[in-house]
> 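Below: one structure in structure tokens.
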Amino acid sequence: MSPSASLIDRIESIPRRELYFFALYRVLIASVIAALLYSPLSAIGGEAHHPRLAYSVGAAYLLLSLLWLVIGRNERWLRQIVVGGVLLDIVAASLLAHALPGASAGISMSLLFNIAAAATLLPLSWGLVLALAASVATAAEYLWKVLEGGDPTRTLAELAMFATSYLALAFISYQVGNRARRNQQLANQRGDEVANLFQINELIIRRMRTGVVVVDADNRITLANEAASILLGDADGNSDSGRLDLASVAPELARRLQRWRNGWAQDEMPLQLNPDQPEVQPRFARLLAGSDLVLVFLDDSSVVSRRAESLTLSAMGRFSASLAHEIRNPLAAINYAVQLLEEGTGFNESDRRLLQIIHQQCQRTNGIVESVLGLARRERANPENVDLAAFVRRFVLEYKQGQTLETDSIEPIINDTSVPAQVDPRHLYQVLTVLVHNALKYGRIGEQPARVRLRVAQHERSAVIDVMDRGPGIPETVAAQLFRPFFTTSEHGTGLGLYIARELCRANQARLDYIPVPAGGSCFRLVLPGPHTLLPH
């Protein structure tokens, strides 16, 4: 049962308990009156002027009080039960006061509680009506005794005081009851809000991606959310930890917790709680000051790593902007020197070819700088209608001319005469350069020469370029991190090539994926949008 449901049940039982105690008080008064009438102690109440009336009313009042105790606990008939019971009390009190003149004052005073209790349970108008009825009944009993010619035991001043007390007590009791009801309503509202907040907080904690574990002084897990349960080895993510021992579930985490409790600095190294789960970075905090309960937060280290990568890339963008000026100046000087040498007459055809290669590589390097700057500034690509068949043939030719391949080979595989696509040519050239360079570097087995193939094909409304090699392939664990920035398996690599290539593809609304080859080798597939298929930014 939820906390809010149990709270509502407790609140709904309050009127029933009040009716029960009210009826129980009526039985108590009726029992005292019957005891005074039918016991040897009857002399305490004084001489009865109407003994038969006193005995009859006393017995009837006790029986009716018992009946009211049995049937008078249904809060749905609250008003009828209270009004009927108080009217019974008023009639019985008036008759007994007339029959027992010596006890009339005490009997009238006993009505004060009945009037007060009724006023707290009923609206003000009904409470005043009952108080007025009690006052009228007291005055009627006084007139009855005067008309009988007897000597009234009460004075008019006493009657006025009783009437005033009934009305005043009814009004005050209503105010007290009304305030109690408002406080109860406010308490109910606050209770519902607390119950709702409890459920919301429980849901938030349960659905948090960060694992949260509560550990007591004996290193028992008292609470764990779904993320923590999964990290601790519960595949179903059941948050009911069953008070497991932390040392048996995660020994290394328990060891770090104990070191933290002993005052040692927290170990910042991530740890793996389960072979099938990612590494986590644990953090410890006391639940309350002076409490033995400890909150253990299990942060996914991959999220922290991505944040660090984002900061690093941001710093790289600022660094590349400042470095661009230093790179462009030497490139401009080299390019200008080559142009001056080309104007000379003392060079043969082979020398001029070398000068042309230098000039082309200066332009390509300048294009790479521009692309990195554009990536750092998140500049938009400038897509054009490009014939991929002609572009790839030209790229392969220029790559062969600008690089020393020796026994390695690079060839285009193009069956269609024309494969149109929408792409920024500078970006595409850089992407292909990265992919071909990686294929020539890693796409070989032992001392065998590398064979790289660039296959161009039309696929429905898009164009595809596959850069394939016949190397050993890429392990699955490495393939999952290929496009992460700064990830590299080479001692001399930067880990930015494939990342920049994918970012350039995204800028052109293209897709770059690694495709495993079952027969061996690797394949990087570049899917480019065809003409008129680019989506607006």
Side-chain angles (χ1 to χ4, degrees), residues 1-11 13 184 186-311 480:
M1 181 182 294
S2 65
S4 59
S6 61
L7 180 62
I8 291 174
D9 291 341
R10 291 198 301 271
I11 293 171
S13 64
Q184 184 65 54
L186 182 60
N188 296 344
Q189 181 180 351
R190 294 290 185 265
D192 292 339
E193 292 176 357
V194 170
N196 291 336
L197 287 176
F198 175 80
Q199 293 179 354
I200 292 173
N201 291 338
E202 186 179 16
L203 180 61
I204 291 174
I205 294 174
R206 188 186 304 123
R207 297 299 184 185
M208 282 176 60
R209 296 183 62 184
T210 300
V212 180
V213 182
V214 180
V215 183
D216 62 11
D218 298 326
N219 274 6
R220 291 194 303 269
I221 300 175
T222 61
L223 179 66
N225 66 348
E226 292 180 0
S229 299
I230 294 174
L231 291 171
L232 293 173
D234 186 357
D236 298 329
N238 185 7
S239 59
D240 185 10
S241 59
R243 301 183 71 85
L244 298 174
D245 184 16
L246 182 63
S248 63
V249 177
E252 177 61 21
L253 182 60
R255 186 188 68 83
R256 293 195 185 186
L257 175 59
Q258 189 60 43
R259 286 173 58 86
W260 176 81
R261 280 175 167 163
N262 294 336
W264 292 75
Q266 293 193 28
D267 191 348
E268 299 296 333
M269 292 296 295
L271 60 90
Q272 193 169 24
L273 302 176
N274 192 285
D276 299 329
Q277 300 300 327
E279 292 183 336
V280 295
Q281 180 70 51
R283 293 184 291 113
F284 308 106
R286 295 198 182 276
L287 186 60
L288 294 173
S291 173
D292 292 331
L293 293 176
V294 177
L295 278 174
V296 182
F297 298 95
L298 303 175
D299 297 318
D300 190 344
S301 60
S302 62
V303 176
V304 179
S305 177
R306 284 194 295 270
R307 292 175 181 170
E309 290 171 359
S310 177
L311 294 174

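We count residues from 1, following the sequence as given.
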> Nearest 0.5 Å please: distance from the CG atom of Asn225 over to the CZ atom of Phe297.
10.0 Å
> Is Leu253 close to Leu298 at the side-chain level, that is, under 4.5 Å between some pair of heavy atoms?
yes
> How far apart are the closest heavy atoms of Val215 and Leu246, and which atoms are they?
CG2-CD2, 4.1 Å
> Hey, what do you get for CD (Gln189) to CG (Asp192), rounding to the nearest 0.5 Å?
8.0 Å
> May I ask you to test the Val296-Val212 pair for a side-chain heavy-atom distance under 4.5 Å?
no
> Provide the closest heavy-atom pair for Pro251 versus Ala247 in the form atom of the first, atom of the second, distance.
CG-O, 3.3 Å
> Which ring pair (Phe, Tyr, Trp, His ring centres under 6.0 Å) pairs, counting each pair once, include a residue from residues 211-231, with sequence neighbours left out?
none
> If you apply the rule side-chain contact (heavy atoms from CB on, under 4.5 Å), what do you find for Val214 with Leu295, and how did you get there?
CA-CA 5 Å; Val214 180; Leu295 278 174; 3.6 Å; yes
> Test of understanding: with side-chain hydrogen bond (donor to acceptor under 3.5 Å, both in side chains), list the residues that count as partners of Arg261, not counting sequence neighbours.
Asn219
> Val249: which residues meet the side-chain contact (heavy atoms from CB on, under 4.5 Å) condition with it, sequence neighbours left out?
Leu232, Leu244
> So, for Asp245 and Asp218, which heavy atoms are closest and what is the spacing to 0.1 Å?
OD1-O, 4.3 Å
> Quick one: which residue pairs count as a salt bridge (charged side-chain N to carboxylate O under 4.0 Å, His left out) with a foot in residues 282-291, not counting sequence neighbours?
Arg283-Asp299
